[in-house]
K.L.:
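Okay, here's the structure, questions in a sec.
Numbers here are sequence positions counted from 1. Just so it is clear, the values below take in all heavy atoms, side chains as well, and ignore hydrogens, waters and symmetry mates.
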Amino acid sequence: MTSSRALGLAALAATLLTAPAAALAHSYDAGALHIGHPWVKAPPNAAPAAAGYLTVTNHGKTADRLLGAASPEAKAVEPHSMSMAGGVMRMRALPYGWEIAPGATLTLAPGGDHLMLIGPKKPFKAGDHIPATLRFAHAGTVKVDFVVQAEAPAGDMPPMKGMDMKGMKDMPGMDMH
């Protein structure tokens, strides 16, 4: 085998090995906003909703606000907050979304704030891409794809305020990956 052919095969192998990671890591820019890796954890079949996660970093000099989203694959997409108070898990809609201060990063992650995709038109399976349009107060609309994943990306599950996450994944009905 010639050295140029060996180098070509090595380059192809490296590309194939890194392709899955590259497919998962996707981002979008809208003016001063950087939107990182929109994703959905694959819900159980026939689930009435799924949670969407992402990050939004504001590199601008003025605040913006993520107001909500829409998707042709769900009846509605709403900003939601999840918290623990007195041992009770509470979820509530946030009709005004989240402010993103200049220099700040909004993190929507399991166990906390998320975009609730209500009434999926079909079951979401790992590997699916869910098209959506995010709505910002100043940046306007941004088209993104939420990648459906079997598991949360590494390091994407901050502990919920006021809650000990140990043993949570073993509780019936509590899939907190």
Side-chain angles (χ1 to χ4, degrees), residues 20-43 47-85 89-122 124 126-163 165 175-177:
L24 291 177
H26 60 289
S27 62
Y28 306 85
D29 290 303
L33 300 180
H34 178 78
I35 301 154
H37 190 61
W39 69 281
V40 171
K41 182 173 185 312
Y53 309 109
L54 52 79
T55 60
V56 182
T57 302
N58 184 350
H59 295 290
K61 295 185 189 308
T62 60
D64 206 333
R65 181 173 289 276
L66 175 56
L67 299 168
S71 172
E73 299 298 324
K75 289 181 183 171
V77 182
E78 299 177 350
H80 278 219
S81 175
M82 189 175 357
S83 62
M84 287 295 290
M89 184 179 294
R90 300 179 196 274
M91 188 168 13
R92 64 184 175 99
L94 300 173
Y96 303 107
W98 301 275
E99 182 173 329
I100 310 152
T105 297
L106 167 67
T107 300
L108 305 185
D113 293 346
H114 56 276
L115 287 166
M116 182 66 73
L117 289 84
I118 300 167
K121 300 215 172 149
K122 63 180 175 91
F124 297 156
D128 287 350
H129 287 247
I130 310 301
T133 302
L134 304 177
R135 282 184 305 109
F136 292 93
H138 301 293
T141 59
V142 181
K143 292 186 183 292
V144 301
D145 276 340
F146 283 85
V147 175
V148 181
Q149 298 178 200
E151 298 294 329
D156 206 18
M157 177 129 175
M160 198 180 324
K161 290 179 185 170
M163 181 175 204
M165 298 301 284
D175 187 5
M176 299 297 286
H177 293 265

K.L.:
For a quick test of reading the model, state the closest non-hydrogen atom pair linking Ala42 to Ala126 and the distance between them.
P.N.:
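It is CB-N, 4.1 Å.
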
K.L.:
With a 6.0 Å cut-off on ring centres, are Phe146 and Trp39 close enough?
P.N.:
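Judged by ring-centre distance (under 6.0 Å), Phe146 and Trp39 do not meet the cut-off.
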
K.L.:
State, yes or no, whether a side-chain contact exists between Tyr53 and Asp113 at a heavy-atom distance under 4.5 Å.
P.N.:
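Not touching, per the 4.5 Å side-chain cut-off.
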
K.L.:
Do Leu66 and Leu134 come within less than 4.5 Å of each other through their side chains, counting heavy atoms only?
P.N.:
yes

K.L.:
What pair of heavy atoms forms the shortest contact from His80 to Leu94, and how long is it?
P.N.:
C-CD1, 4.0 Å

K.L.:
Do you know the tightest heavy-atom contact between Ala50 and Val40?
P.N.:
CB-CG1, 3.8 Å

K.L.:
List the residues meeting salt bridge (Lys or Arg N to Asp or Glu O under 4.0 Å) with Arg65, not counting sequence neighbours, and say none if there are none.
P.N.:
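For Arg65 the salt bridge (Lys or Arg N to Asp or Glu O under 4.0 Å) partners, ignoring immediate neighbours, are Glu99.
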
K.L.:
Indicate whether the side chain of Asp29 and that of His34 have a donor and an acceptor atom separated by less than 3.5 Å.
P.N.:
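Distance-only check passes for Asp29 and His34.
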
K.L.:
Kindly say whether Ala101 contributes a backbone atom to a donor-acceptor pair with the side chain of Asp64 at under 3.5 angstrom?
P.N.:
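Not a single qualifying donor-acceptor pair exists.
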
K.L.:
Between Met82 and Arg90, is there a side-chain heavy-atom distance shorter than 4.5 Å?
P.N.:
no

K.L.:
Angle between ring planes, Tyr28 versus His26, binned at 30° and 60°: parallel, tilted or perpendicular?
P.N.:
perpendicular

K.L.:
Quick one: closest heavy-atom pair of Pro43 and Ala49, and the distance?
P.N.:
CB-O, 4.1 Å

K.L.:
Taking salt bridge (Lys or Arg N to Asp or Glu O under 4.0 Å) as the test, write out the residues that go with Lys122, two or more places apart.
P.N.:
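Expected list: Asp128.
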
K.L.:
Sequence neighbours left out, cut at 3.5 Å: what donor-acceptor pairs do the side chains of residues 69-77 make with other protein atoms?
P.N.:
{"from": "Ser71", "atom 1": "OG", "to": "Glu73", "atom 2": "N", "distance (Å)": "3.0"}
{"from": "Ser71", "atom 1": "OG", "to": "Pro131", "atom 2": "O", "distance (Å)": "2.6"}

K.L.:
Does some side-chain heavy atom of Thr55 sit less than 4.5 Å from a side-chain heavy atom of Leu108?
P.N.:
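Not touching, per the 4.5 Å side-chain cut-off.
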
K.L.:
Could you state the interatomic distance from CG (Asn58) to NE2 (His138), rounded to the nearest 0.5 Å?
P.N.:
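Answer rounded to 0.5 Å: 9.5 Å.
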
K.L.:
Hey, does Val142 have a side-chain heavy atom less than 4.5 Å from the side chain of Ile35?
P.N.:
yes

K.L.:
Has the side chain of His114 got a donor or acceptor atom that lies under 3.5 Å from a matching backbone atom of Pro79?
P.N.:
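It does not hold such a pair.
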
K.L.:
About how many Å separate CG of Leu54 and CG of Leu115, when rounded to the nearest 0.5 Å?
P.N.:
6.0 Å

K.L.:
Within the 4.5 Å heavy-atom criterion, are Phe136 and Thr141 side-chain neighbours or not?
P.N.:
no

K.L.:
Identify the two heavy atoms, one from Gly36 and one from Ser27, that lie closest to each other, and give their separation to 0.1 Å.
P.N.:
CA-CB, 4.2 Å

K.L.:
Which atom pair, heavy atoms only, marks the closest approach of Met89 to Met84?
P.N.:
CA-SD, 3.4 Å

K.L.:
Would you say that Val56 contacts Thr105 through its side chain, given a criterion of any heavy-atom pair below 4.5 Å between the two side chains?
P.N.:
no

